[in-house]
Protein chains: 2
Amino acid sequence: MSYANDMPTTTATSELASELRVSMMRLARRLRSERLDEGLTPTQLAVLGTLDRHGAMTLGELAAHEKVQPPSMTRTTAALEERGLVTRVSQSMDRRQVFIGISRDGLTLLREDRKRRDAWLAGRFEQLTSDERALLHAVAPLLDRLAQA
Amino acid sequence: MSYANDMPTTTATSELASELRVSMMRLARRLRSERLDEGLTPTQLAVLGTLDRHGAMTLGELAAHEKVQPPSMTRTTAALEERGLVTRVSQSMDRRQVFIGISRDGLTLLREDRKRRDAWLAGRFEQLTSDERALLHAVAPLLDRLAQA
DNA sequence: TATTGTTATACTCTATAACTATA
DNA sequence: TATAGTTATAGAGTATAACAATA
């Protein structure tokens, strides 16, 4: 089965962009709604994810990464620390800096959340044929390439 | 070329769910960052999109659709009306109800925003082969089916 | 003197409660 | 009496400005 011939190459890429954008954003929104509601704000959740993916970093780096101002990150990390989801690690020579790292509880929470959303999505896969699932499998790395830089 | 055989059917659907979720959310986030910054809040932008897709509706319906309380929607629509992006249409028998509709300027703003993001995505397509683009074309309706209900 | 993070304070967005107008 | 929407007020999150500690 070939997908290449389902669509003439002359089809405007902007139309493809539009249809992919709409479908993808719709599913992304639906997937977001499946998030565990642990009373965490989007920023707090994003911080946990960042710390998980990139490891401990200073408060300033974290603020830059999440595109918020340092005072906001002070509050955000304070709230996370109060719930035991992050820890302050003083591993720097520069004693002005504050290193923030994800805690075991934070990791657990993240994994539960991901597991839950994966389970929801996997459940939705049941209505697909194995060919269609294979198609999704092939598309994931393409999405990554599109997202890069 | 067959995608169906690229992956044994025994592959855990949860793994596929995870890889698709991560890739898709990443691209969705990237796409969101390409939005025009017109100083609109996410809710305001969502309201414009809803009014465009579903037409004019009462303030209460709009609040329910966006999952906010009526007083919040009063503020949101007031802000949009002040900028001329929505209009109040009194087309109801029941004079308590307030119908909100998108204005010409609101439509223009929405279209500019979509055009901009489509252009960004279409630009990214240039690094793909036509086979790969065809793959994305085939996948869009699958994403829609996954998002349904 | 410059830099990292915190505290003080204000603004925005949303919520609940009380109110007005209409049914 | 019930309903649609608004106004009053409070809470949460983020911003800027001023400050403290360290380099």
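So that the names make sense, note that chain A is the first sequence line, chain B the second, and so on, each numbered from 1.
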Checklist entry - By the rule that ILVMFWY residues connect when side-chain heavy atoms come within less than 4.5 angstrom, directly or transitively, which residues belong alongside A/Val47? => result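 Under the 4.5 Å side-chain rule, A/Val47 groups with A/Leu40, A/Leu45, A/Leu48, A/Leu51, A/Met57, A/Leu59, A/Leu62, A/Val68, A/Met73, A/Leu80, A/Leu85, A/Val86, A/Val98, A/Ile100, A/Ile102, A/Leu107, A/Leu109, A/Leu110.
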Validation row: [X], [Y] side chains within 4.5 angstrom (heavy atoms):
X        : Y        : result
A/Leu121 : B/Leu16  : no
A/Arg114 : B/Arg21  : yes
A/His65  : A/His54  : yes
B/Arg145 : A/Leu128 : yes
B/Thr58  : B/Asp94  : no

Next on the checklist: Please identify the 5'-most and 3'-most nucleotides of DNA chain D with any atom under 4.0 angstrom from a heavy atom of chain A.
Outcome noted: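 From 5' to 3', the first and last contacting nucleotides are D/dG13 to D/dA23.
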Checklist entry - Among all residues two or more places apart in sequence or in another chain, which pass the salt bridge (charged side-chain N to carboxylate O under 4.0 Å, His left out) test with B/Glu34? => result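 Scan of B/Glu34 (salt bridge (charged side-chain N to carboxylate O under 4.0 Å, His left out), adjacent residues dropped) gives B/Arg30.
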Next on the checklist: I'd like to check the salt bridge (charged side-chain N to carboxylate O under 4.0 Å, His left out) partners of B/Glu81; sequence neighbours left out, ordered by chain and number.
Outcome noted: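 Checked B/Glu81 against salt bridge (charged side-chain N to carboxylate O under 4.0 Å, His left out); matches are B/Arg88.
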Item to check | Check: A/Leu31 main-chain N/O paired with A/Arg117 side-chain donor or acceptor under 3.5 Å | outcome: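 Side chain of A/Arg117 to backbone of A/Leu31, a donor-acceptor pair under 3.5 Å: no, none is there.
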Checklist entry - In residues 68-81 of chain B, which ones come under 4.0 Å of DNA chain C, going by heavy atoms? => result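 Close to the strand are B/Val68, B/Gln69, B/Pro71, B/Ser72, B/Arg75, B/Thr76.
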Next on the checklist: Any donor-acceptor pair under 3.5 Å linking the side-chain atoms of A/Asp144 with those of B/Ser23?
Outcome noted: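 Short answer, yes.
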Shorter than 3.5 Å, N or O on both sides, protein versus nucleotides 20-22 of chain C: list them out with atom names.
| residue | atom | partner | partner atom | Å |
| --- | --- | --- | --- | --- |
| C/dT22 | O2 | B/Arg96 | NH1 | 3.2 |

